[in-house]
Amino acid sequence: MIETLLIMWRESLEAALIVGILLTYLARSGERAGMRYVWAGALGAVVAAVAMGLASNGAAARLGPDAQELLQAGVLLLAVGVLSWMVVWMHRNARQMGGDLRRRADRALATGRLVGLAAIAFVAVFREGVEAVLFLWGVVVQRADASAPALLAAGVAGAGLAVATAWLFFRGFAFLNLQTFFRVTGILLLLVAAGLLTAGVNKLIGLGYLSPIKPQVWNTAWLLREDSLLGALLGALIGYRSRPSLLEVLAFLAYLPAMGWALHRADLAARGAAERAPARSAA
Amino acid sequence: MRPPRLLLAALLLALAATVRAEERSVALAVAEHGFAPPEVEAAAGERLRLEVTNQTAAAIEFESFELNRERVVPPGRTVAVYVSGLSPGRYEFFDDFHQERRGALVVK
């Protein structure tokens with residue numbers, strides 16, 4: 001019973017944390033309407049994960065498990081692309097954040113941005129969602145007796161606990177002033193994106209499409225184990241692993257300065273636009 | 001080298017390294033009582049294709065912190081998990097959904 005709850009807690013944690021960042025960011029930007037998009041993405045992912053999980057159980061599954069893993073890798077890398085574009089866009093338009101978006105001529109771009117956030121929420125939930133569904137289905141199958149509903153309840157409780165953990169985590173952010181808050185969540189989102197990229201690369205290595213170059217660059221298990229609470233949190237949020245391969249480390253380390261450069265350019269563009277346009281009062 | 005180009009070079013290298021690589025397939029089954037065989041041997045540096053078959057009625061998750069791999073396998077299905085370039089040592093793996101099932105890859 002406890003095992004089921006703990007496993008579901010771990011599986012759901014990553015999704016809960018990522019969705020939590022998005023919601024916290026939107027809430028504090030004054031874009032409550034945008035939060036509906038994130039919820040829609042997350043709930044859509046739950047439905048899709050249930051469908052895919054149940055479908056992949058049958059012998060008649062259209063895609064074999066290796067093909068599904070390749071699809072997951074592709075989805076992860078696509079999510080990194082979308083999230084990166086999001087962060088750059090938000091940076092470029094930091095001055096208008098919280099302002100009246102209806103006055104912007106390119107409203108389609110604004111809606112597209114919210115759809116992008118929904119896509120991130122979808123990917124975050126879908127990825128672990130499929131695993132969670134397969135796990136719970138197995139739990140039900142193994143206990144054909146009356147304890148199945150109780151175990152399912154324990155599983156759902158585990159997922160609920162992950163949501164609570166994420167909520168608590170982000171409550172801590174409420175005490176930050178606005179500027180610090182945006183800076184912290186901005187950095188977090190970048191680390192999340194780097195973590196997703198690394199996870200996608202890890203899947204491609206596991207599938208045999210990429211070589212790790214060197215399988216274990218270092219071993220930080222003595223410092224932080226993946227099955228500890230902090231290790232699980234960091235693993236879920238930024239993809240912390242105690243024994244990463246060289247290719248994964250390069251991917252993570254190359255992404256951050258590349259994004260830093262893109263954001264610097266976006267900041268310059270935003271500053272230039274602000275100097276040319278008349279000043280707007282802050283929301 | 002700028003970071004994007006560094007990554008691109010690394011990716012091309014990683015891709016190229018797999019194209020000509022020789023690999024050896026090893027069958028690893030997950031049964032109700034545990035992994036069969038419970039220990040798999042490999043030579044240092046070789047490219048190994050672990051064919052993990054789930055012979056139980058419920059989903060399993062092949063996971064290893066040492067090997068940095070995790071993969072869910074639905075019941076009755078087989079997946080291919082690649083590991084390569086390992087130094088001599090003992091690399092433990094387990095079924096994350098039923099943690100009493102444990103095994104190890106011994107690299108000589």
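Residue numbers begin at 1 in each chain, while the letters A, B, ... track the order of the sequences. Keep in mind that this is a model prediction, so the values were computed, not measured.
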Step by step, work out the side chain to side chain contact (heavy atoms under 4.5 Å, CB included) result for B/F35 and B/F62. CA-CA 10 Å; B/F35 286 94; B/F62 174 84; 4.1 Å; yes

Answer with side chain, backbone, both or neither: which region of [X] has an atom nearer than 4.5 Å to a non-hydrogen atom of chain A?
X     : value
B/S87 : neither
B/V72 : side chain
B/E61 : side chain

Counting only heavy atoms closer than 4.5 Å, note whether [X] contacts chain B via side chain, backbone, both or neither.
X      : result
A/L250 : both
A/I213 : side chain
A/R243 : both
A/Q216 : side chain
A/E248 : side chain
A/I205 : both

Value rounded to 0.5 Å, distance of [atom1] in [X] from [atom2] in [Y]:
X      : Y      : atom1 : atom2 : value
A/L247 : A/L204 : CG    : CG    : 9.0 Å
A/I238 : A/I18  : CD1   : CD1   : 11.5 Å
A/D66  : A/L207 : CG    : CG    : 6.0 Å

Please identify, among A/P65, A/G206, A/P244, the residue contributing the most non-hydrogen atom pairs under 4.5 Å to chain B. A/G206

Do A/R127 and A/E14 have side chains that approach each other closer than 4.5 Å (heavy atoms only, starting at C-beta)? yes

Under a 3.5 Å distance rule, please check whether A/R225 uses its side chain to pair with a backbone N or O of A/S242 as donor and acceptor. no

In terms of the angle between their ring planes, are B/F97 and A/F135 parallel, tilted or perpendicular, with boundaries placed at 30° and 60°? tilted

